[in-house]
Amino acid sequence: MVQSKRIVQALKGVLKERRVSYDQVARHLDLSLSSVKRLFSTGGFTLERIEAICDLAGVDILELARQAEAQRLEVASLTQDQERELIGDPALLLVAICALNRWRFGRIVQHYQLSEPRLIQLLARLDRMGLIELLPGNRIKLRVARNFAWLPGGPIHRYFVDHVQSAFLSGRFEPDRDLHRFAWGMLSAESATVLREKMVELMETFDDLTRGDEVRPSQEGRTAGSCLLVALRQWEPAGFRAMRRTESIA
């Protein structure tokens, strides 16, 4: 079985670049769509299936391996200390978010109250952290992997929970532009697993769309800061829990 995360991530990247859908992969492998999604989620591919998908996408398996090796040199996450450094300086955190969203130097200066020398200093710090590479002409090259993520439960996550989440959820959601739904129900462990996989797909779609909008010249200046909060937790409202029979309270 081929279980390298980098190989699977490189394969996902190739499929997206070549506009090959999971439906096409499923038909090519004579598998169900759910089986293909599960393979990409678990990474449990055989070498034969990897080769078959490469054939479908029109890419050499050696090229896929080279792309996977290139991803090895990219940053998948920061350290605890690096995340603390970001939240310790709001300007640095702002510039990091802009860089991750592929904003160019001039756009950051135009949009925020940062002088060019100050912005260069902040970008140099992000360069030393390995998040970006600051190139001649103040060009910004991202050095993060496709699956880059903040540390689960880390400083950035705690910062969001403590300082951003309540303001985000308490604000007004415009019906024709935003969406806010809350659902509570009973889920088995198997169903929760399926739902988590769907949530991961949704986050990947969000990442793909933001990445696409920021690299298309036609969309520059037309995008707006958007936040997608996805959460699933085994939880019961305190008022419901208080009405349980004593022997059923875990």
Side-chain angles (χ1 to χ4, degrees), residues 1-77 97-104 107 131-133 135 139-149 177 179 193-228 230:
M1 301 293 283
V2 179
Q3 296 182 328
S4 169
K5 290 183 179 179
R6 289 194 296 272
I7 287 289
V8 174
Q9 287 299 321
L11 190 58
K12 285 183 178 180
V14 166
L15 293 179
K16 289 173 183 176
E17 289 170 5
R18 306 295 173 90
R19 299 184 181 277
V20 178
S21 69
Y22 282 178
D23 279 322
Q24 291 172 283
V25 173
R27 289 194 296 271
H28 190 70
L29 297 180
D30 195 22
L31 294 172
S32 67
L33 179 59
S34 61
S35 294
V36 168
K37 290 181 177 180
R38 191 175 302 111
L39 283 174
F40 276 98
S41 176
T42 62
F45 287 97
T46 62
L47 180 58
E48 290 76 15
R49 282 177 173 167
I50 290 285
E51 290 176 335
I53 298 173
C54 285
D55 181 62
L56 173 65
V59 64
D60 186 272
I61 194 166
L62 293 178
E63 174 59 26
L64 183 69
R66 282 193 288 270
Q67 291 190 28
E69 176 61 17
Q71 289 180 6
R72 184 181 68 83
L73 304 176
E74 296 177 336
V75 177
S77 64
I97 297 298
C98 289
L100 288 171
N101 280 277
R102 293 166 177 76
W103 279 33
R104 293 185 297 204
R107 186 178 179 188
L131 199 63
I132 68 161
E133 183 178 353
L135 301 173
R139 290 180 294 115
I140 304 168
K141 178 183 178 181
L142 278 178
R143 294 180 59 189
V144 298
R146 283 180 175 269
N147 61 338
F148 175 84
R177 183 191 63 197
L179 180 65
T193 297
V194 172
L195 188 56
R196 283 195 299 272
E197 291 174 355
K198 296 290 186 182
M199 294 166 72
V200 170
E201 289 180 22
L202 176 62
M203 294 302 296
E204 289 179 348
T205 300
F206 180 83
D207 289 341
D208 289 343
L209 291 173
T210 55
R211 186 180 298 116
D213 280 347
E214 289 302 333
V215 299
R216 284 197 294 269
S218 62
Q219 294 299 323
E220 185 163 339
R222 297 177 59 194
T223 56
S226 302
C227 181
L228 174 65
V230 178

Check the angle between the aromatic planes of Phe40 and Tyr22 and answer parallel, tilted or perpendicular using the 30° and 60° thresholds. parallel
Any idea which heavy atoms bring Ala149 and Ser77 closest together, and the distance? O-CB, 3.4 Å
Going by salt bridge (charged side-chain N to carboxylate O under 4.0 Å, His left out), Glu204 matches just one of Lys12, Lys37, Lys198. Which one? Lys12
Crowded around Asp30 CG? As in, over 12 foreign heavy atoms under 6.0 Å? no
Could you tell me the separation between the CZ atom of Arg38 and the CG atom of Leu31, rounded to the nearest 0.5 Å? 10.0 Å
Exercise: identify the closest heavy-atom pair between Ile140 and Arg104: CD1-C, 4.4 Å
Does any N or O in the side chain of Arg102 come within less than 3.5 Å of the main-chain N or O of Leu100, such that one atom is a donor and the other an acceptor? yes
To the nearest 0.5 Å, what is the distance between CG on Leu33 and OG on Ser21? 8.5 Å
Mind checking the CG-CD1 spacing from Leu64 to Ile7? Nearest 0.5 Å is all I need. 4.5 Å
Which residue is it: Asp207, Leu131, Leu142? I am looking for the one with a side chain to side chain contact (heavy atoms under 4.5 Å, CB included) to Phe148. Leu131
Residues passing the salt bridge (charged side-chain N to carboxylate O under 4.0 Å, His left out) test with Glu133, sequence neighbours excluded, are none
Sequence neighbours excluded and cut-off under 3.5 Å, please list the side-chain donor-acceptor pairs for residues 51-63, or say none.
{"residue": "Asp60", "atom": "OD1", "partner": "Leu62", "partner atom": "N", "Å": "2.7"}
{"residue": "Glu63", "atom": "OE1", "partner": "Arg66", "partner atom": "NE", "Å": "3.1"}
{"residue": "Glu63", "atom": "OE1", "partner": "Arg66", "partner atom": "NH2", "Å": "3.1"}
{"residue": "Glu63", "atom": "OE2", "partner": "Gln67", "partner atom": "NE2", "Å": "3.4"}

For Thr193 and Arg196: C-alpha separation, side-chain torsions, deciding distance, then whether side-chain hydrogen bond (donor to acceptor under 3.5 Å, both in side chains) applies. CA-CA 5 Å; Thr193 297; Arg196 283 195 299 272; 3.1 Å; yes
Between the CG atom in Leu209 and the OG1 atom in Thr205, the distance rounded to the nearest 0.5 Å is 6.5 Å
Measuring from atom CD of Glu197 to atom OG1 of Thr42, what distance do you get when rounded to the nearest 0.5 angstrom? 8.5 Å
